[in-house]
2 protein chains.
Amino acid sequence: MRFHSPSIQYFHAVRRTGSIRAAARLLNVASSAVSRQILKLEQEVGSPLFERTARGLTLTTVGEMLARHVMNVLQDLDRFRSDVASLSGAWHGTVSIACIESLTESVLPDLIASHRGRARRVNFTTEVMGSSDVLEALRRGEADIGIAIALRHPPDLRQVALKRFRLGALVAREHPLARRKTVTLEQCLAFPVIHALPELSIYHLLQPLIAQLSETPEPAIQANSIDLMRELAARGVGVAFQTQLGIGRLSRDAQLVFLPLDNAGSPVWSDLGIYVRAERTLPDFTESFLQELVRELGERERRENAAYPQVV
Amino acid sequence: MRFHSPSIQYFHAVRRTGSIRAAARLLNVASSAVSRQILKLEQEVGSPLFERTARGLTLTTVGEMLARHVMNVLQDLDRFRSDVASLSGAWHGTVSIACIESLTESVLPDLIASHRGRARRVNFTTEVMGSSDVLEALRRGEADIGIAIALRHPPDLRQVALKRFRLGALVAREHPLARRKTVTLEQCLAFPVIHALPELSIYHLLQPLIAQLSETPEPAIQANSIDLMRELAARGVGVAFQTQLGIGRLSRDAQLVFLPLDNAGSPVWSDLGIYVRAERTLPDFTESFLQELVRELGERERRENAAYPQVV
DNA sequence: TATAGCTGTTGCCGAAACGGCAGCAACATG
DNA sequence: CATGTTGCTGCCGTTTCGGCAACAGCTATA
């Protein structure tokens with residue numbers, strides 16, 4: 001089932017590893033073979049595809065164009081393979097997901113578990129990273145489905161869905177704020193605060209709001225782990241901020257209380273986008289999972305916004 | 001610039017010609033070479049790609065899947081080539097168009113002429129055919145852009161735009177109806193009628209309306225050429241039916257009069273769709289022409305519907 | 001500054017793949 | 001029945017591919 005010329009595959013490996021020798025190790029061939037295929041390819045195209053540095057290879061402009069083409073080819077080959085496989089009733093393949101941390105608590109594990117319950121031979125690869133890295137991973141063809149805070153996405157990505165969740169404060173059950181229905185940012189800042197570091201997207205959601213306030217006290221704790229922030233809040237160390245999506249079902253251990261955040265009378269939204277490479281048709285098992293993901297996130301969006309209706 | 005394995009190209013040629021020997025002639029190689037590549041391909045995929053008959057080869061289900069993949073690959077290769085070419089400022093390539101006859105009178109010649117005035121090295125291939133053949137030609141990768149009466153289009157095609165034009169009656173200047181602003185079908189049927197044959201889409205637009213009438217006189221003339229029908233109407237032989245798009249600028253020779261058709265007080269629309277293969281990114285010069293086409297058809301839609309406003 | 005470790009590239013040579021030629025059997029057409 | 005078509009298959013020369021070892025260029029470290 002490998003009917004594409006070696007040049008294509010070698011080029012792809014070199015682009016991913018950034019080195020001919022590393023690509024050769026990956027492909028289990030001699031580095032000279034890889035080098036020659038790249039040289040031949042550059043001769044065919046009539047222009048260098050890589051810039052040679054002492055520490056490896058970097059794509060040129062033409063190289064990036066070819067990379068796009070090769071990615072389209074290889075990803076479409078995957079789809080073809082899955083088409084043929086599903087013809088004989090066998091659904092198998094790997095769904096590769098890049099997402100932000102908020103999803104790991106319950107959305108993804110629940111979905112993957114239930115999906116694997118029905119389709120045992122569909123495997124999953126999930127990698128957690130920052131929002132902009134998610135988009136980059138998709139562009140580089142390292143993931144099939146991306147879930148990230150909805151930034152302005154590049155034109156070669158397609159936003160499959162956009163779901164919005166309320167941002168809220170997370171406090172321990174015994175916290176003075178815990179009995180309120182909603183809280184404002186000012187009310188939270190009267191207490192010790194566990195703040196996200198800039199590498200988390202919550203930082204960029206809250207920062208402009210905090211900047212508007214007259215007083216901006218020092219955050220008691222700064223962290224880049226949602227898990228850590230949640231556990232700290234549960235121990236009463238301070239007030240953390242999250243979408244409910246990121247903290248999972250609170251009912252499991254009722255140590256934590258989620259309080260929707262109000263800013264000037266209106267909710268603070270966190271927009272979650274689901275992304276896919278635009279120039280691509282997904283294999284059917286990937287498409288199927290994607291649909292479930294969109295449905296599930298839509299369901300959660302509905303449920304949570306019903307549980308904490310907007311204050312008018 | 002031919003860095004894809006011969007199997008791919010040979011398979012593509014065999015699919016198009018429906019014969020190994022014909023493909024070999026097309027490719028300037030021995031038929032045995034083609035035969036072997038196909039056999040090798042079938043071994044790789046693990047399933048026959050063609051059904052062998054005494055008169056050639058027909059695609060199997062798996063073969064059709066591979067055909068889709070190969071088409072995606074080769075069309076994306078074209079796009080890559082054009083990307084590289086446009087990097088050095090040279091816009092060249094061929095835009096292939098499949099369309100119905102209505103476009104040949106003025107829309108397409110005007111557009112192509114003006115486009116070539118600006119981009120000399122962009123060539124055009126246009127083929128006129130029926131609406132359903134247009135969609136089929138796109139699916140088979142024999143055309144880049146398709147223009148057809150908007151039917152239900154298959155999911156592997158993308159409807160880029162949908163423009164509606166009023167259907168009208170076409171009569172000679174001396175015809176008794178010529179001085180009216182609009183006409184109804186009944187009024188037309190009182191005179192000799194030049195009717196389209198079923199292979200033209202006008203037939204399918206008018207047939208349901210005619211069927212509703214109590215009396216349905218025999219058509220005086222039936223034809224499958226829009227040109228012929230127009231010339232007959234100009235000679236006063238009878239009443240023909242067309243969208244104004246299909247008859248061009250009447251001002252050139254004022255022998256003909258266009259009378260918008262009314263049916264039960266509302267206009268009769270002819271929906272024109274512009275189509276493109278869904279799984280595909282167009283080369284930039286093709287995309288550029290496509291945008292002009294959409295804009296021009298939108299402009300004509302606006303102008304004509306302003307010239308013959310809807311009767312309320 | 002010298003050394004060790006990395007990079008990509010190149011000659012050489014055996015192995016694998018490709019392609020052309022001619023001939024085969026099977027089928028359709030006259 | 002003869003003729004033309006189809007796809008397929010040995011045989012064989014040519015081309016391409018890949019592995020080994022050596023080379024030059026660069027970087028980091030001692």
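None of these values were measured; they are calculated from a predicted model. The basis for the numbers below is simple: all heavy atoms, side chains too, and nothing from hydrogens, waters or symmetry mates. Note on naming: letters A, B, ... go to the chains in the order of the sequence lines (proteins, then strands), and numbering restarts at 1 for each one.
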**Fill in**
Separation of C/dA17 atom P from A/F3 atom CZ, nearest Å, is 17 Å
**Prompt:** Should B/R36 be listed as having a side-chain N or O under 4.0 Å from OP1 or OP2 of D/dG7?
**Reply:** no
**Request:** Look at the aromatic rings of A/F11 and A/F50 and report parallel, tilted or perpendicular, splitting at 30° and 60°.
**Result:** tilted
**Asked** Around atom CD of A/E64, are there more than 12 heavy atoms of other residues, nucleotides or ligands at under 6.0 Å?
**Response** yes
**Message:** Output the rounded distance in Å from CG (A/L39) to C1' (C/dG11).
**Reply:** 14 Å
**Item:** Residue B/A54, side-chain atoms from C-beta onward, closest of D/dC20, C/dA28, C/dG20
**Value:** C/dA28
**Message:** Side-chain N or O of B/K40 versus OP1/OP2 of C/dA17: is the shortest distance under 4.0 Å?
**Reply:** no
**Message:** Quick check on C/dA17: is either OP1 or OP2 less than 4.0 Å from any side-chain nitrogen or oxygen of B/Q37?
**Reply:** no
**Message:** Below the 4.0 Å mark, does C/dG19 have OP1 or OP2 next to a side-chain nitrogen or oxygen of B/Y10?
**Reply:** yes
**Request:** Give B/R52 one of three labels, base, sugar-phosphate or nothing, depending on what nucleic acid heavy atoms sit under 4.0 Å from its own.
**Result:** sugar-phosphate
**Item:** Atom-to-atom span, CD of A/Q43 to C1' of D/dT16 - whole angstrom
**Value:** 14 Å
**Message:** Between A/D144 and A/I97, does the side-chain contact (heavy atoms from CB on, under 4.5 Å) criterion hold? Intermediate values first, please.
**Reply:** CA-CA 6 Å; A/D144 303 321; A/I97 303 169; over 6 Å; no
**Prompt:** Quick one: B/E51 CD to D/dC8 C1', roughly how many Å, whole number?
**Reply:** 18 Å
**d(NE2, B/H4; P, C/dC18) in whole Å** = 16 Å
**Spacing between A/L49 atom CG and C/dG8 atom P, to the nearest angstrom** = 15 Å
**Request:** Classify the ring geometry between A/H153 and A/Y275 as parallel (under 30°), tilted (30 to 60°) or perpendicular (over 60°).
**Result:** tilted
**Message:** What's A/S19 touching, base or sugar-phosphate or nothing? Going by heavy atoms closer than 4.0 Å.
**Reply:** sugar-phosphate
**Request:** State which of D/dT27, C/dG8, D/dT9 makes the closest approach to the side chain of B/S32.
**Result:** D/dT9
**Gap between atoms CZ and C1', on B/R25 and C/dG20 respectively (whole Å)** = 16 Å
**Request:** Anything under 30° is parallel, anything over 60° is perpendicular, the rest tilted; go ahead and classify A/H195 against A/Y203.
**Result:** tilted
**Message:** How many whole angstroms separate atom CG of A/N28 from atom C1' of D/dC17?
**Reply:** 16 Å
**Phosphate-side-chain proximity, A/R55 and D/dA28, N/O vs OP1/OP2 below 4.0 Å** = yes
**Message:** Looking at C/dG8, I'd like to know if its phosphate oxygens (OP1 or OP2) sit under 4.0 Å from a side-chain N or O belonging to A/S35.
**Reply:** no
**Request:** Looking at every strand, decide which applies to A/L57 at a 4.0 Å heavy-atom threshold: base, sugar-phosphate, or nothing.
**Result:** sugar-phosphate
